[in-house]
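Working notes, beginning with the structure itself.
Here is the naming used below: chain letters follow the sequence lines, and residue numbers restart at 1 for every chain.
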Amino acid sequence: MDYHMYEPTSTFLHSRLLHLYAQSGNLSDARNLFDKMPKRDIFSYNVMLSAYSKMDIYKDLWDFFHSMPIHDSVSYNTMISGLCSASCEEKALSIFVRMLKERVEPTAHTFVSALHVCSKLLELRIGKVIHAKVLLGDFGGNVFVCNALIDFYAKCGKVNKARWVFDRICEKILVSWNLMISGHLKNGQPEKCIELFSEMKSSGFKPDQFTSNVLIALFQIGQVDEACNTLRTMKEKDKICWTTMLVGYGQNGLEEDALQFFNEMLSERVRPDEITFSSVISLCAKLALLYQGKAVHAKAVHFGVDWNLLVSSALIDMYCKCGEPTESWIIFKKIQEKNMVSWNSMIVGYAQNGRDLGALDLYEEMLQKNLRPSHITFVGVLTTCIHLGFSERGQEYFYSITKVHGMRPTLDHYACMITLLGRSAGIDKALDLIKCLPCEPDCRIWSTLLSVCKIKGDVKHGELAAKHLSELDPHNAEPFILLTNMYAACGRWEDVAKMRSLMKSSQVIKFSAYSWTEVGGKVHKFTADGKSHPESELIYLELNELIRRLLEAGYSPDTKLALNNVGEDEKIQSICYHSEKLALAFVLYRMPRGVAPIRIIKNIRFCSDCHFFMKFASNIIGRYIILRDSNRFHHFVGGQCSCNDYW
DNA sequence: TTAGGGTTAG
């Protein structure tokens, strides 16, 4: 028998077996067979190369490629895409250049991979050269190449160019539409996104899970119902579509719908992942829903994602935002490899909950571990210094942003310093700092100065800050409200009346103030003097009884902020039924003898009378009250507050 | 072979 007659067949069989091993991910068997093969063809070499590229280990891939005796188009294409997915984009480009130099004919795959590399590097210049080669090589009609061009131009911010390519594809596929929709979205054109989506539907294409970018576009322009309808028409929807939906609900202020949507997702047996959980947990944090948050935490444990950094950081934040920093600390300690978000969430959470010294200790520990703080870390650290009245230490931290950490302070850091200096060293020092800002002061800066002026009772500079703030943001009600309060506090009633009528005639948008609390697994919302709660009558009875007890114990309502043209009784009435007081009365009526802390959340800052009232109430009723306003937490125990009346 | 969702402050 002539051995050589069978040799090609043997190589062929070996190479097919090699392919099978490689496809099933069995790299060691593949390598053994490859080493034993008496003769290796280019197909076998390419199969091995492809197996190495899937391992995402750059060095093995690189060495194997260079050990190959010959390279064809497939070898180069595999190498370019393999290096790109191993995040070695520069090396991928060098292989592409070598391919052209070696005069190996590029294929459609080559252009797709090379364009993908350029879009990752935002290499507009090289991408354009590739586009020219595409046209010269007559690949302009290839839908895969066109799709890669759309993605490349869109990612480089050249959405018009992307659209130019898209409009010239004769036979678009669903991916082309999805890519172009995504391109418009990434370039801040949600309306064009939606326009294109209706065009896509009228061309006979049905949305799939990758069309979820349309959902984001619809949420961005507030079309929540339309997003919901679109989701229902999707022929395939996965966890990403559901997560997109619930995040969208949250961004449109519909947090409770988002949470309901999460439950719907579970009942449809869609498996949530770490991104879904971190989003849902952050919604619970936003609403300070401790019991729902705990239930979601339990589900995260059930799905095995609670250890994930994204999820555990969200949990740290959630427990802190529910006034339970000890729970956060337990989670924080358990994390083996903490990241910036874990540290920041813990530092900021401690600061918000009045554990200011603990927050500073954590920051020092972070530095000892040679971790680089971020801008958010400094917002937390400076806020802590404000709470503690640590003026000098705060200034040291502020200067360290530039001198030690080589970062530029942001306007948020300057805003913290304005508060710190304004409160400790005086408004003049805060004004000096404003004069030294690296850019023009914005709304945040003037709003901060205005708040400090209010605390200090500095009407003159308060007027100046309010004027700037109104000029920059004419619809903002804040300057009107704060100035009115400042005038009222010093008895300038004519000015109070003037401000009130000016506010009526100006087109300012007033935030309606409300408070809420979670009782019996439900959220109960209250507005000042509101009677919409079904148990309203009983709540008012409870509150009146509480007020009577507090008055007896020496509480005297701070009527300075009430209207001046009414009698003293009416003045008392106008502040006694603030939303947070109604919320407190509701909890006391529902749970008269509870031991768990009473948790109340208010969407804006609460007034000094309510602060005084809660301190008194915590003592008289012997309960622990946690009140979270838009600024920070107040833990009231036995007549004292964790903020030490400094907020 | 190409595409989509996310956590910390203000």
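When the P atom of B/dT7 is taken as reference, atom NZ of A/Lys321 falls 11 Å away, rounded to whole Å. Here B/dG4 presents its C1' atom at 15 Å from NZ of A/Lys237, a figure rounded to the nearest Å. In this structure, A/Phe219 atom CZ and B/dG5 atom P are separated by 14 Å, rounded to whole Å. Note: CD (A/Gln251) to C1' (B/dG5) measures 10 Å, nearest angstrom. Whole-Å rounding puts the A/Met79 CE to B/dT1 P distance at 19 Å. A/Leu215 places its CG atom 9 Å from the C1' atom of B/dG4, with the value rounded to the nearest Å. Straight-line distance from the CG atom of A/Asn178 to the P atom of B/dA3: 11 Å, rounded to whole Å. Look at CZ on A/Phe210: it is 13 Å from C1' on B/dT1, rounded to the nearest Å.
Backbone-only contact: A/Val348 has heavy atoms under 4.0 Å from sugar-phosphate atoms and none from a base. Counting non-hydrogen atoms under 4.0 angstrom, A/His375 reaches nothing in the nucleic acid. Looking at heavy-atom distances under 4.0 Å, A/Lys286 makes no contact with the nucleic acid at all. Residue A/Thr244 is classed as a sugar-phosphate contact, given heavy-atom separations below 4.0 Å to backbone atoms only. At the heavy-atom level, A/Thr410 lies nowhere under 4.0 Å from the strands shown. Nucleic acid contact class of A/Ile347 (heavy atoms, under 4.0 Å, all strands): none. Within 4.0 Å (heavy atoms only), A/Lys338 reaches no atom of the nucleic acid at all. Base engagement by A/Asn147 is indicated by at least one non-hydrogen atom pair under 4.0 Å involving a base atom. Using a 4.0 Å heavy-atom cutoff across all strands shown, A/Cys241 reaches at least one base atom of the nucleic acid. Within 4.0 Å (heavy atoms only), A/Ser313 reaches at least one base atom of the nucleic acid. Looking at heavy-atom distances under 4.0 Å, A/Asp412 makes contact with a base. Across all strands shown, A/Asp273 has heavy atoms under 4.0 Å from base atoms, whether or not it also approaches the sugar-phosphate.
You'll find that the side chain of A/Leu310 is closest to B/dG6, out of B/dT8, B/dG6, B/dT2. Side-chain proximity of A/Asn344 to B/dG6, B/dT8, B/dG4: nearest is B/dT8. Here B/dT2 is the nucleotide among B/dG10, B/dT2, B/dG5 with the atom lying nearest to any side-chain atom of A/Val112. Minimum atom distance to the side chain of A/Ile173 is reached by B/dT2, of the listed B/dT7, B/dT2, B/dG4. The side chain of A/Ser345 lies closest to B/dT8, out of B/dT8, B/dG6, B/dA9. Relative to the side chain of A/Phe144, the nucleotides B/dT2, B/dA3, B/dG5 differ in distance, and B/dT2 lies closest. When each of B/dA9, B/dG6, B/dG5 is scored by its nearest atom to the side-chain atoms of A/Ser279, the top-ranked nucleotide is B/dG6. In the set B/dA9, B/dG4, B/dT7, B/dA9 carries the atom at the smallest distance from any side-chain atom of A/Ile376. Taking every side-chain heavy atom of A/Asp238 into account, B/dG4 is the closest of B/dG4, B/dG10, B/dT7. Of all nucleotides listed (B/dG5, B/dA9, B/dT2), B/dG5 comes nearest to the side chain of A/Lys239.
Look at A/Lys155 and you won't find any side-chain N or O under 4.0 angstrom from OP1 or OP2 of B/dT2.
Ring-centre distance between A/Trp343 and A/Phe332: below the 6.0 Å cut-off. A ring-centre distance under 6.0 Å is not found for A/Phe262 and A/Trp242.
Residue side chain A/His109 meets the stacking definition with respect to B/dT1: its ring centre sits within less than 5.5 angstrom of the base's six-membered ring centre, and the planes differ by less than 30 degrees.
Classified by interplanar angle (parallel below 30°, tilted 30° to 60°, perpendicular above 60°), the ring pair A/His413/A/His375 is parallel.
Evaluation of the side chain to side chain donor-acceptor pair (under 3.5 Å) test over residues 300-310 of chain A, restricted to residues two or more places apart or in two chains, returns none.
The pair A/Arg232-A/Glu264 meets the salt-bridge criterion, with a side-chain N (NZ, NE, NH1 or NH2) lying under 4.0 Å from an Asp/Glu carboxylate O.
Side-chain contact between A/Met366 and A/Met340 is present, with at least one heavy-atom pair separated by less than 4.5 Å.
Residues A/Lys54 and A/Ser50 bring a donor and an acceptor atom of their side chains to less than 3.5 Å of each other.
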